[in-house]
Novice: 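Following this message is one structure expressed as structure tokens.
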Amino acid sequence: MAIYLTKESKVLVQGMTGAEGMKHTRRMLAAGTRVVGGVNPRKAGRTVDFDERAVPVFGSVREGVEHTGADTTVVFVPPAHAKDAVVEAVDAGTALAVVITEGIPVHDSVALTAYAAARGTRVVGPNCPGLISPGRSNAGIIPPDITRPGRIGLVSKSGTLTYQLMHELRDIGFSTCVGIGGDPVVGTSHIDCLAAFQDDPDTELVVLIGEIGGDAEERAAAYIRDHVTKPVVGYVAGFTAPEGRTMGHAGAIVSGSSGTARAKKEALQAAGVRVGDTPTETARHVVAALGGTAPDGAAR
């Protein structure tokens, strides 16, 4: 099985005709994603050819949903228009909106995530790489060829670390990998994914990747302690980050003693999570937790 994104998911791409939308739509199609249309009001009625696959362009998300039955949208629109794009997707009845766009104003992120939550649409992101259920579907910008289907679930604030762990654990493989994004406000949390992976019979272990800033990892640790029976392995990025400086993501900032990597690591360990000091050590913890062994420098 997979969480949130399956082989049956029908995907629209808002902003498909832009440079990034075109590039990643082609990659999504190559990964087996059922991309059923793009959305661009100025190019409605056209089709775009992707390696001999013609994808129609609709004038609105609602039109795309009515013609194709789409239940998922991937958002590649500029930051100033992202809130309206998500609201449009929610109003059209899509169940999942994957917001790749970075640089969305915080007040817009607050508005779009609240609007979606109140109406039953799950938002992944913003400022995220999306999610992939290897061998089934890929919604976003995660490289589809660095891993294979398997029994690990992964939830991560960091796109780059998502890719690294997917690659290092490629011989075991993944059920679903979810990049939730590193902005201060996101639609899907570590806890949301932990709950979904806990209920997924094909996910045997969960990898949780966090980073400095905020208290999401501490809250996830409390949830793991009380609700998760499957093994969880963690990694927290940012042990060497200077105080008061944003590092990579808008939400990755340490203020005083709040949000430090050490505090997050200690909270996770107190909940029974094995926490690696490096991504490679984290991968080794996964192998060990699943009953395997790995030579030095490899997680296979």
Side-chain angles (χ1 to χ4, degrees), residues 1-9 31-33 71-72 95-96 98 122-125 128-140 142-159 161-181 186-210 216-217 219-236 268 271-276 279 282-292 294 299-300:
M1 293 180 66
I3 69 167
Y4 305 149
L5 187 71
T6 72
K7 189 175 183 179
E8 287 72 39
S9 298
T33 308
D71 51 33
T72 299
L96 176 65
V98 183
R122 174 169 299 283
V123 170
V124 174
C128 77
L131 68 163
I132 182 171
S133 298
R136 299 177 178 93
S137 190
N138 183 16
I142 296 175
D145 56 353
I146 58 175
T147 195
R148 68 177 186 179
R151 49 201 173 114
I152 303 169
L154 186 149
V155 53
S156 174
K157 281 185 176 179
S158 165
L161 291 172
T162 296
Y163 311 154
Q164 181 169 353
L165 266 297
M166 286 172 61
H167 179 69
E168 293 212 25
L169 293 165
R170 61 194 179 278
D171 287 353
I172 300 173
F174 292 81
S175 54
T176 303
C177 302
V178 187
I180 60 174
V186 293
T188 295
S189 68
H190 287 114
I191 291 173
D192 294 329
C193 294
L194 286 165
F197 284 130
Q198 173 68 19
D199 291 340
D200 176 21
D202 287 345
T203 297
E204 296 183 23
L205 176 146
V206 181
V207 175
L208 183 152
I209 300 176
E217 294 79 5
R219 287 185 281 113
Y223 184 86
I224 291 165
R225 182 190 63 230
D226 296 337
H227 300 287
V228 179
T229 59
K230 296 178 180 181
V232 180
V233 175
Y235 175 70
V236 181
L268 289 166
V273 177
R274 303 187 193 191
V275 182
T282 304
R284 292 198 189 105
H285 283 320
V286 172
V287 174
L290 291 173
R300 338 192 272 279

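Everything numeric in this text was worked out from a predicted model, so none of it was measured.
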Novice: Do Phe197 and Thr176 have side chains that approach each other closer than 4.5 Å (heavy atoms only, starting at C-beta)?
Specialist: yes

Novice: Show the nearest heavy-atom pair for residues Arg151 and Leu290, with the distance to one decimal.
Specialist: NH1-CD2, 3.9 Å

Novice: Going through the checks in order, is the side-chain contact (heavy atoms from CB on, under 4.5 Å) test met by Leu96 and Ser9?
Specialist: CA-CA 10 Å; Leu96 176 65; Ser9 298; over 6 Å; no

Novice: Quick check: closest heavy atoms across Ile132 and Pro134, and the distance to 0.1 Å?
Specialist: O-CD, 3.4 Å

Novice: For Val207 and Val286: C-alpha separation, side-chain torsions, deciding distance, then whether side-chain contact (heavy atoms from CB on, under 4.5 Å) applies.
Specialist: CA-CA 8 Å; Val207 175; Val286 172; 3.6 Å; yes

Novice: Could you tell me which non-hydrogen atom of Ala220 sits nearest to which non-hydrogen atom of His190, and how far apart they are?
Specialist: CB-CB, 3.9 Å

Novice: Report yes or no: does Arg148 contribute a side-chain atom to a donor-acceptor pair with the main-chain N or O of Asp171 at less than 3.5 Å?
Specialist: yes

Novice: So which of Ile152, Ile209, Val233 actually passes side chain to side chain contact (heavy atoms under 4.5 Å, CB included) with Leu165?
Specialist: Ile209

Novice: For Ile142 and Asn138, which heavy atoms make the closest approach, and how far apart are they?
Specialist: O-ND2, 3.0 Å

Novice: How far does OG1 of Thr203 sit from CD1 of Ile3, to the nearest 0.5 angstrom?
Specialist: 7.0 Å

Novice: Between the main-chain N or O of Leu5 and the side-chain N or O of Ser137, is there a donor-acceptor pair closer than 3.5 Å?
Specialist: no

Novice: Closest heavy-atom contact between His285 and Arg274?
Specialist: O-NH1, 3.8 Å

Novice: Determine, step by step, whether Ser156 and Tyr235 satisfy the side-chain contact (heavy atoms from CB on, under 4.5 Å) criterion, reporting the C-alpha distance in whole Å, the side-chain angles of both residues, the deciding distance to 0.1 Å, and the verdict.
Specialist: CA-CA 9 Å; Ser156 174; Tyr235 175 70; over 6 Å; no

Novice: Do Ser175 and Asp200 come close enough that some side-chain heavy atom pair is under 4.5 Å?
Specialist: yes

Novice: Using 0.5 Å steps for rounding, measure from the NE2 atom of His227 to the CG atom of Leu194.
Specialist: 10.5 Å

Novice: Does Thr147 reach the main-chain N or O of His167 with its side chain, forming a donor-acceptor pair under 3.5 Å?
Specialist: no

Novice: Specify the closest pair of heavy atoms between Gly234 and Val273, including all atoms of both residues, with the distance to one decimal.
Specialist: N-CG1, 3.5 Å

Novice: Can you check whether Leu205 reaches Lys230 side chain to side chain, under 4.5 Å on heavy atoms?
Specialist: no

Novice: Using a 4.5 Å cut-off on heavy atoms from C-beta on, say whether the side chain of Leu268 contacts that of Ile224.
Specialist: yes

Novice: Side chains of Thr229 and Gln198: closer than 4.5 Å at any heavy-atom pair?
Specialist: yes

Novice: When rounded to the nearest 0.5 angstrom, what distance separates CG in Asp71 from OG1 in Thr6?
Specialist: 7.5 Å

Novice: Any side-chain heavy atom of Leu154 within less than 4.5 Å of one from Leu169?
Specialist: no

Novice: Just wondering, do Val186 and Cys128 contact through their side chains at under 4.5 Å, heavy atoms?
Specialist: no

Novice: With side chain to side chain contact (heavy atoms under 4.5 Å, CB included) as the test, pick out the partner of Tyr163 among Cys177, Ser158, Pro129.
Specialist: Pro129

